[in-house]
Each structure stands twice: as structure tokens, then as C-alpha cells.
2 protein chains.
Amino acid sequence: MDATDSPIDAALGRAGYRATGARRAVVDLITRRDGHFTAADLVDDAQSRGLRIGRATIFRTLDVLTELRAVERLDLPTGDHAYVACEPAHHHHVICSRCGRSSDADDAGLRAVVRDIERQTGYRIDEHRLELFGLCPDCLARGST
Amino acid sequence: MDATDSPIDAALGRAGYRATGARRAVVDLITRRDGHFTAADLVDDAQSRGLRIGRATIFRTLDVLTELRAVERLDLPTGDHAYVACEPAHHHHVICSRCGRSSDADDAGLRAVVRDIERQTGYRIDEHRLELFGLCPDCLARGST
DNA sequence: CCTGTATTGATACTGAGTATCATCAAGGGG
DNA sequence: CCCCTTGATGATACTCAGTATCAATACAGG
Ligand SMILES: [Mn+2]
Ligand SMILES: [Mn+2]
Ligand SMILES: [Zn+2]
Ligand SMILES: [Zn+2]
């Protein structure tokens with residue numbers, strides 16, 4: 001069990017990327033996070049942990065991780081771009097508007113809906129994105145808003 | 001039939017906004033558009049038509065029109081923010097990746113999917129967004145990519 | 001008309017994301 | 001295990017979307 005043995009290191013290699021210190025550090029920052037986060041959040045995290053990671057590298061690493069589908073980019077209703085850690089299989093996210101945590105929702109029912117829309121509109125649909133916003137069970141219990 | 005008689009003027013009044021010259025001009029620019037467009041597109045349109053509309057006003061008007069649901073904001077896969085003209089009822093958009101035109105898709109099937117996800121995750125879902133990308137019938141006919 | 005107030009637009013500013021480029025380090029071949 | 005090639009890094013400077021400010025203006029309702 002080497003520090004090099006991580007599913008993400010493997011994915012990096014498989015895709016022809018180097019498993020660098022900076023990338024491992026960013027992945028580490030991400031796993032310590034709960035809920036969604038922005039690039040700026042990671043910059044702050046790195047700062048406050050005294051890590052010497054360039055801002056550009058954080059943006060670049062997020063791009064790489066998005067391509068590997070280790071994270072997914074969200075477009076929050078506020079217009080902000082955020083990310084969540086993620087497994088690679090296609091699925092969707094239910095995002096808590098209060099605490100930012102998210103749960104996975106599988107694609108099951110949606111696939112049929114998409115096929116329906118293809119038939120109705122005549123488009124060939126290649127890609128879709130579903131984002132769901134609401135309150136998570138914890139935040140619901142704590143009193144709604 | 002007065003220049004003041006437009007469904008959007010009515011909607012503005014109803015919501016307590018004034019039907020100003022600048023707003024009418026922006027609405028006009030939008031109706032002359034085909035497919036989705038960015039705020040910057042409208043700034044250019046205004047420029048090239050010699051309209052004297054401040055950049056800030058274009059952003060502000062797009063916000064107002066979004067609130068009135070006369071336009072809807074899209075988050076393109078590229079990360080750009082774009083808009084499409086829209087009727088106010090809740091629905092979704094199928095967007096052509098080649099020409100940018102979009103068709104409406106109603107919410108029908110999706111509603112059940114959302115309810116399912118609520119049950120599976122325990123979240124209370126207040127808002128959802130579905131964006132579909134692909135090729136429109138015209139672009140399909142013209143040869144796919 | 002007149003007037004209170006929402007709106008405008010010029011200007012300056014913030015902050016996300018990116019281009020550049022000299023320096024560095026990953027990692028495969030010897 | 002060490003080199004060398006090449007991809008990656010990070011400091012810096014830059015672009016550009018979106019926003020705050022505020023004096024001047026134009027709606028709308030009376
Ligand atoms: Mn996920
Ligand atoms: Mn529409
Ligand atoms: Zn929550
Ligand atoms: Zn098309």
C-alpha cells in the first residue's frame with residue numbers, strides 16, 4: 001500500500017496524466033470536503049493548510065478531474081460554478097440548498113423521458129444534465145425554510 | 001394597437017416594473033434573435049444598431065426578464081451563460097449544439113422521476129433543471145457530427 | 001402637466017478563469 | 001538507479017463577465 005495506490009492515481013495514469021504532488025494534494029483537499037465547493041474554496045483550503053499550490057493549478061486540476069469524472073461541475077441557481085466529488089458512472093445530483101451536501105440519483109427513470117423528448121422534438125439528444133435542488137433530510141428535520 | 005401593447009409590457013407592469021425604452025429595446029433585440037444568446041451578444045447587437053443602451057442595463061434587463069420567465073438562463077456545457085426566449089410555463093429546453101436553436105420540452109414525464117428521487121433520497125425537492133443537448137432536425141439532415 | 005421614484009448609463013471595481021513562460025519534477029528507457 | 005524528455009507547475013499579468021455607485025433622466029399616476 002503505497003501513496004501511489006489510489007483509484008484516482010490509477011485513473012490519471014490510464015488517461016495519460018501524471019500523478020503529481022499538486023494533483024494528489026488537490027484530490028486530498030476535495031476528499032476532506034463535505035458538500036459542494038468552488039475553486040476558490042480549494043484555494044482557501046490550500047492557503048490555510050500552508051500548501052504551496054498555484055491558483056492556476058487548482059483550476060487545471062479541477063478540469064482534469066472533471067474529465068476523469070471524479071468530480072462533476074454544478075451550475076448553482078445563483079450562477080456560481082461549484083463541484084462535487086463523484087463516482088464515474090453517469091448519474092445526477094440532488095443538492096441541499098441549505099447545507100450544500102448532495103446525494104446521488106440514478107438515471108433510471110430519466111432515460112425514458114429523454115427518449116420521449118427525442119421523439120417529440122425530432123432532436124437527437126447526446127447529452128443531458130439534471131440538477132435538483134431542495135432540502136436534505138437533516139436540514140428538513142432541523143426545521144424547513 | 002399601441003407600442004405599449006405587448007405581452008411583456010403587461011408582465012412588466014403586473015410585476016411592478018416600468019415599461020421603459022431601454023427594456024423595450026432589449027426585448028426587441030431578443031425577439032430578432034434565433035437560438036440562444038449571451039448578454040455580450042445583445043451588447044454587440046445594440047452597438048451595431050446604434051442603440052444607446054448601457055451595458056449594465058442589458059444585464060439588469062436580462063435579470064428582470066428571467067424573473068418574469070420571458071427568458072430562461074442556460075448553462076452551456078462550455079461554462080458560458082446564455083439565454084433563450086421562452087414562455088412563462090415551466091418547461092425545459094432541447095438545445096442544438098451546432099446551431100444553438102432550441103425547442104421546448106414539457107415537464108410531463110419528469111415530474112414522476114422527480115417524485116421518485118424524492119422518495120429514494122429523502123430530500124424535499126423544490127426546484128429542478130433539465131438541459132438537453134444534441135442536434136436539431138435541420139442540423140441532423142445537413143449531416144451529423 | 002407635476003412630482004416622486006424607479007431606471008438609466010458612465011465609470012470604476014471585483015473576481016473567475018486563462019495565457020505565458022521560465023523552472024521543475026514525473027516516470028520510462030537505458 | 002540515474003538521465004532525459006516532456007508534461008506539469010506556479011508566479012505574473014491579463015481578459016472579460018458581472019456588479020456597485022451615483023448623478024442625471026424618464027416613467028406613471030394623480
Ligand atoms: Mn455523484
Ligand atoms: Mn422555452
Ligand atoms: Zn442540507
Ligand atoms: Zn441545429
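Throughout, protein chains are lettered first and strands after them, A, B, ... in sequence-line order, and every chain is numbered starting at 1. Just so it is clear, the structure is predicted and the values come from calculations on it, not from any experiment.
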Start and end of the DNA chain D segment that chain B contacts, any atom under 4.0 Å from a heavy atom: D:dA17 to D:dA28
Close aromatic pair by centroid cut-off 6.0 Å: B:His128 and B:His92: yes
Ring centre gap for A:His81 and B:His81 strictly below 6.0 Å: yes
Rounding to an integer number of Å, can you tell me how far [X] [atom1] sits from [N] [atom2]?
X: A:Arg23; N: C:dA26; atom1: CZ; atom2: P; value: 11 Å
X: B:Glu67; N: C:dA6; atom1: CD; atom2: P; value: 15 Å
X: A:Leu12; N: C:dG28; atom1: CG; atom2: C1'; value: 17 Å
X: A:Arg73; N: C:dA16; atom1: CZ; atom2: P; value: 14 Å

Between [Y] and [X], is the closest basic N to carboxylate O distance under 4.0 Å?
X: A:Asp45; Y: A:Arg33; answer: yes
X: A:Arg24; Y: A:Asp28; answer: no
X: A:Arg129; Y: A:Asp75; answer: yes

Within residues 41-65 of chain B, residues whose heavy atoms come under 4.0 Å of DNA chain D: B:Arg55, B:Phe59, B:Arg60
Residue whose closest nucleotide on DNA chain D lies nearer the 5' end, A:Gly21 versus B:Ala22: A:Gly21
Distance-only donor-acceptor check, side chains B:His90 and B:Asp107, under 3.5 Å: yes
Distance-only donor-acceptor check, side chains A:Asp63 and A:Thr66, under 3.5 Å: no
Under 4.0 angstrom between B:Thr20 side-chain N/O and C:dT8 OP1 or OP2: yes
Residue among B:Ser102, B:Ser103, B:Cys136 satisfying side-chain contact (heavy atoms from CB on, under 4.5 Å) with B:Ile95: B:Ser102
